S.K.: 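Here it is, the structure in full.
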Amino acid sequence: MAERSTAAVDVADNSGDEPLTAQADQATADGVATNRERDTDNDEAQGSGGTERPGKASPPELHSGHKLARRYRLEECVTRLDGFSSWRAVDEKLRRAVGVHILPADHSRARSVLAAARSSALLGDPRFVQVLDAVEENDVVYVVHEWLPDATELTTLLAAGPLEPHDAYQMVSQVAAAMAAAHREGLAHLRLNPNAVLRTSTGQWRIRGLAVNAALRGVSSQTPQRTDTESIGALLYAALTQRWPYENDAYGLSGLPKQIGLIAPDQVRAGVHRGLSELAMRALANDGATASRHEAPCTTPEELVKAIGEMPRIRPPEPAFTAPPEYQRTTYQQGTYGRPAPAGVTQPLTAPPPLQSRTGRALKWAVSALLIAALGLGSWQLADALMDQGNQSDDNNQTQTTDGNDKSPVKPISRPVGIVGARDFDPFGDGSEKPSDISKTYDDSTATYWQTDYYQGAAFGNLKPGLGVVLDLGKVQQVGTVTVTFVGSTSVDLRTASADTASEPTSFDSFTKVASGTGSTVTLKPGRTLKTRYLLVWLTKLPMTEEGTYRGRVADIKVTS
């Protein structure tokens, strides 16, 4: 019976292969990597490529058009290496492109590849290219993963030149944070190279082949955290210098001269950001190099993330605006009145002579008389209209009453409503989100703010529908408007608890939506008269931060009656 699952399984079976997650737990501060490669093979687009080498098992006889599980149609082979092959394929059920790694079921690495793929699928981190399926059937093992048509490999980006400091900063920040999260779950990459790092059209950096690429090649390490940290340092070094920080050429990049050894990026190329140069050397110090400026080396992705956080933030370059062209005065050539001027001669415009004849004088007197008559008629009509208006005003004043029984409604005056307390509200997550800073949402200052955790998408990385802040007004009061000031354009709903609620609600269903809006400063006004004690400011869409992640920041909340 075919085996189809992306759930975790017990991989300590009769094959005797050690689970990859167990290998990832062997991280220490010392030691060297087994089978560490200087990444001189050529991984191809969206696959895990390389040059063909003999393997222990023959690859299955496959061709374009072949279908796996009557669903995945193979389109193009991008890799044949060491007994396995990688393909671009089409998922005919969901009508999307996917990538597929295929190897015989009796391949010596088949069990470890399945275990690695299933462990990677369980991580579910959107910063990694996701494993969609891991299957053994018909004497074949295959792993299906995402295919990102809008993504560009770092190898391709570096072919055009080094990255700008802000782009290099974003790359190392996002890759280091992603690998730190993977190692916390016991997963290592071990083949983190420029072909494994992709930049999407939205500027996000994605990592492919987590655990799987190493398992396909039989690569392991006694110190996986140090191996991945050094790889991140090599990526940053290449991004800053367009050089590979080892002696051998790789990924279209020239290596360093043997007689020089490893030198800081700012010594290889002029204009390199000094902070990023030092960071690359601290990550590469694992291979016996001395950390730049005598800073302590980074031996784990977690330490690298901490070092990045201590750096001054590198902002994107200001957009360049071209000045508009200077205003050019246009000159016109005008001839004399009644006849064109000679070519190339500019003459002033002259008015025709006034009417000097007897007929002309009579015409002027006739026009003057008409003007005087029109002015007199207009004055008479204006006076008549003013007199009529005065009479109507007197009549209105006589018919109006001035008694004190006027029943016309008086618009109530809006007054501030005090907030006596607040708490973070995360019913669809782990129940809490930065509770220590929640008082900053109503401290009458926009310089401080409460912020959420970071997410990999505006909709909370598709992990939950939202989160927010519950406000306590102290007692049931009338609420006219709620004004929320954010850092960055944010989508928000205003929800309210029933006026007869005795205690603060703890479930999302206890609140009813009464208003919504989007912006940096959003005024939420219920469409009906509202009396309540508890309000919920519910964030639904988050803005992108300068680090490329998404995070909500509430600077101030004002409530008025």
Side-chain angles (χ1 to χ4, degrees), residues 11 13 15-20 23-24 32-64 66 68 72 74-89 98-120 129 131 133-145 147 153 155 187-197 207-222 224 227-228 231 246 248-252:
V11 297
D13 53 15
S15 66
D17 291 338
E18 183 182 11
L20 190 69
Q23 296 175 11
V32 294
T34 304
N35 294 336
R36 178 188 294 178
E37 302 180 21
R38 289 306 181 197
D39 297 321
T40 57
D41 56 334
N42 177 26
D43 293 358
E44 298 186 23
Q46 302 278 4
S48 306
T51 57
E52 185 172 0
R53 296 195 296 260
K56 295 182 180 180
S58 299
E61 292 296 331
L62 301 172
H63 54 82
S64 298
H66 182 88
L68 299 172
Y72 303 111
L74 303 182
E75 293 286 328
E76 178 187 5
C77 182
V78 295
T79 301
R80 288 190 186 276
L81 172 69
D82 206 9
F84 72 89
S85 59
S86 298
W87 294 74
R88 177 177 60 83
V98 294
V100 183
H101 301 303
I102 307 173
L103 67 165
D106 59 352
H107 195 285
S108 60
R109 301 171 193 159
R111 305 306 299 171
S112 60
V113 169
L114 276 177
R118 291 166 179 169
S119 298
S120 177
V129 174
V131 172
D133 213 347
V135 181
E136 179 181 359
E137 64 179 8
N138 299 331
D139 298 326
V140 172
V141 168
Y142 60 90
V143 175
V144 182
H145 61 84
W147 187 276
E153 294 177 354
T155 307
L187 289 170
H189 197 291
L190 305 184
R191 285 191 52 80
L192 198 56
N193 54 51
N195 286 339
V197 178
I207 302 172
R208 70 178 172 210
L210 177 65
V212 176
N213 281 5
L216 284 168
R217 289 167 174 78
V219 177
S220 62
S221 173
Q222 296 177 356
T227 300
D228 283 342
S231 298
Y246 303 106
N248 297 327
D249 299 345
Y251 309 106

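Owing to the predicted nature of the structure, the values given are computational and were not obtained by experimental measurement.
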S.K.: Should the pair His66 and His63 be assigned to parallel (<30°), tilted (30 to 60°) or perpendicular (>60°) ring geometry?
M.R.: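 Correct class here is perpendicular.
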
S.K.: Show the nearest heavy-atom pair for residues Ala110 and Ala105, with the distance to one decimal.
M.R.: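 Taking Ala110 first and Ala105 second, the nearest heavy atoms are CB-O, 3.5 Å.
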
S.K.: Check each of Val141, Leu103, Ile102 against Phe84 using the side-chain contact (heavy atoms from CB on, under 4.5 Å) test, and report the only one that passes.
M.R.: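 Only one of Val141, Leu103, Ile102 forms a side-chain contact (heavy atoms from CB on, under 4.5 Å) with Phe84, namely Leu103.
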
S.K.: May I ask you to test the Leu216-Arg191 pair for a side-chain heavy-atom distance under 4.5 Å?
M.R.: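 No, every pair of side-chain atoms sits at 4.5 Å or beyond.
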
S.K.: May I ask you to decide if Val140's main-chain N or O and Asn138's side chain share a donor-acceptor pair within less than 3.5 Å?
M.R.: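 Flag not set: sc Asn138 to bb Val140 has no pair under 3.5 Å.
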
S.K.: Minimum heavy-atom separation for Trp147 to Trp87, with atom names?
M.R.: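 Closest approach of Trp147 to Trp87, heavy atoms only: CZ3-O, 4.4 Å.
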
S.K.: Tell me whether Ser120 contacts the main-chain N or O of Ala116 through its side chain, where contact means a donor paired with an acceptor under 3.5 Å.
M.R.: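 Checked: no pair found.
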
S.K.: Any side-chain heavy atom of His101 within less than 4.5 Å of one from Asn213?
M.R.: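 His101 reaches Asn213 side chain to side chain.
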
S.K.: Taking all non-hydrogen atoms of both residues, which atom of Leu190 and which atom of Val219 are closest, and how far apart?
M.R.: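 For Leu190 and Val219, the tightest heavy-atom pair comes out as CD1-O, 3.8 Å.
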
S.K.: Output the distance between atom CZ (Arg88) and atom CD (Glu75), rounded to the nearest 0.5 Å.
M.R.: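 If I round to the nearest 0.5 Å, the distance is 5.5 Å.
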
S.K.: Work out which heavy atom in Leu192 is nearest to a heavy atom in Ser231; give both atom names and the distance.
M.R.: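 Here Leu192 and Ser231 meet closest at O-CB, 3.3 Å.
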
S.K.: Applying side-chain contact (heavy atoms from CB on, under 4.5 Å) between Arg208 and each of Val197, Val129, Val131, report the one that passes.
M.R.: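 For Arg208, the side-chain contact (heavy atoms from CB on, under 4.5 Å) test succeeds with only one of Val197, Val129, Val131, which is Val129.
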
S.K.: Do you know which two heavy atoms are closest between Ala215 and Ser112, and how far apart they sit?
M.R.: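 Answer, listing the atom of Ala215 first, then Ser112: CB-O, 3.9 Å.
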
S.K.: Rounded at 0.5 Å granularity, tell me how far CG in Leu68 sits from CG in Leu62.
M.R.: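 Going from the CG atom of Leu68 to the CG atom of Leu62 covers 7.0 Å.
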
S.K.: State the CG-CZ distance between Asp82 and Arg80, to the nearest 0.5 angstrom.
M.R.: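 Going from the CG atom of Asp82 to the CZ atom of Arg80 covers 13.5 Å.
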
S.K.: Looking at every heavy atom in both Ser221 and Thr227, which two are closest together, and how far apart are they?
M.R.: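 Shortest heavy-atom contact: OG-OG1, 3.0 Å.
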
S.K.: Rounded to the nearest 0.5 Å, what separation is found between the CG atom of Asp133 and the CZ atom of Arg118?
M.R.: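 The CG atom of Asp133 sits 9.0 Å away from the CZ atom of Arg118.
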
S.K.: Rounded to the nearest 0.5 Å, what separates atom OG in Ser86 from atom CG in Leu74?
M.R.: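 Rounded to the nearest 0.5 Å, the OG-CG separation comes out at 11.0 Å.
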
